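In what follows, a single structure is set out as structure tokens and then discussed.
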Amino acid sequence: MTAPVTRPESRAFFALAAAAVVGLVMSGLGGCTPASSSDDDGATASPTPAPVALEPTLADAAPDGFFVGVTTGGGGHLGGPSPQDDPANAELVAAQFSSVTPENAAKWEVLRPAQDTFDFDAFDAVVEAAEANGQRVRGHTLLWHSQNPAWLKSGTFTPDQMRELLHEHIATVVGRYAGRVAAWDVANEIFTDEGVLRQENPFIAALGVGIVGDAIRWAHEADPEAKLFLNDFDVETPGPKVDAYLALIADLQAQGVPIDGMGLQGHLSTQYGRPKQLQSVIEKFAALDLDVEITELDVRMPVSGDGPSKADLLGQAQYYADVAAACMAVERCTGITVWGVSDKNSWVPFTFPGEGAALMFDEDLAPKPAFEAFRETLAEGRG
Ligand code: XIL
């Protein structure tokens, strides 16, 4: 299922992107210099706290009210400090984006080190930084099969206890950030690609699908203003998984469950081709009177020692432009969040060996063709 990197219908875009890249280089990247440089001995100098006057910013290029988001509070896969502690990264976060999602800081394994303990330090830092930057926060996530603490995974709980644990968690976490976290991915990845409920989710295993509606109701009680989403990957193309969500959401709505939106993660790979039916999927969810967001966009590619070629980068740029265009075309598509600032900190190489280079900024935090293509498509506005 490999897709050719160049396609005839992309020629106009490639010409545009190539011109844009040349233009960026010629103009010194709009005041932005790469984050590292070489001194006279040829040794690499330490990264200079960077750049960042890439004007107009992504947030400015997008239509008013449209959220352009990015993760912070992440880097868990690196085992080291959060990229938000890197000044150059933090500057890009602050300058380019209007929304942030905690990459890991609001997951159970971080928030719940022990059954009777909540640790809000990491998420507090994300929310406080976002508030200082005037950014919206999307919370992620309350009910998931992954990144749960050992005590939850290995403990023995009755169904009633599982229900009470989840209720307490949602009431406490959503309640703490009420009025500050504008949207929540309440339930994450609850279906397999075949559209079957994931039994490795311990809450679903114990309590069945009904717990999804309860979780949304509890989140609504804790913060009536927060927009409440379901969220998943591999829902960028029609199929059984999309159908399962459409059916579940219709059912939840019939029960009066206050669901507001559907999140399409958007973890794409150039190996699998462009998501040409993305707009039609967004339209299906919008037709249920939902907001839709692209919540975790990245576009990975096979990488070798030499790094991506120019053609690889232009091909990737087309994916970013496609996603922006599909979202722009549907009024109820209210935002796009990218899953990390730069290739320096992306989760991709750790999860998909042999693939990488998935984000809009490279390992030196310099913008890639994807940045320019994404920004231009946002700037074109609603079609
Ligand atoms: C990933 C993070 O980026 C990594 O740092 C972590 O080690 C694993 O989780 N879908 C999701 C996200 O909903 O929470 C995942 O984030 C990526 C896939």
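When a ligand or atom number is given, it counts from 1 through the structure's own listing order. Everything numeric here is computed off the predicted structure, so don't read it as measured data.
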Test of proximity, Lys107 against ligand 1: N or O pairs below 3.5 Å = yes

Is any N or O atom of Glu296, backbone or side chain, closer than 3.5 Å to an N or O atom of ligand 1?
-> yes

Per-residue contact class, [X] against ligand 1 - non-hydrogen pairs under 4.0 Å:
{"X": "Asn104", "answer": "side chain"}
{"X": "Phe350", "answer": "neither"}
{"X": "Asn188", "answer": "side chain"}
{"X": "Phe233", "answer": "neither"}

Just which atoms of ligand 1 are under 4.0 Å from any heavy atom in Trp144?
-> 14 (O)

Who passes side chain to side chain contact (heavy atoms under 4.5 Å, CB included) against Asp260, sequence neighbours left out?
-> Lys227, Leu228

Output all residues satisfying side chain to side chain contact (heavy atoms under 4.5 Å, CB included) with Pro308, sequence neighbours left out; order by chain, then residue number.
-> Met301, Asp312, Leu313, Ala357

Is it true that Arg112 and Glu168 have a side-chain N and a carboxylate O under 4.0 angstrom from each other?
-> yes

The residue among Asp362, Asp343, Asp298 that forms salt bridge (charged side-chain N to carboxylate O under 4.0 Å, His left out) with Lys368 is Asp343

Are any non-hydrogen side-chain atoms of Asp124 and Arg176 less than 4.5 angstrom apart?
-> yes

Between Gln96 and Leu58, is there a donor-acceptor pair closer than 3.5 Å when you use the side chain of the first and the backbone of the second?
-> yes

Out of Gln147, His140, Glu189, whose heavy atom sits nearest atom 8 (C) of ligand 1?
-> Gln147

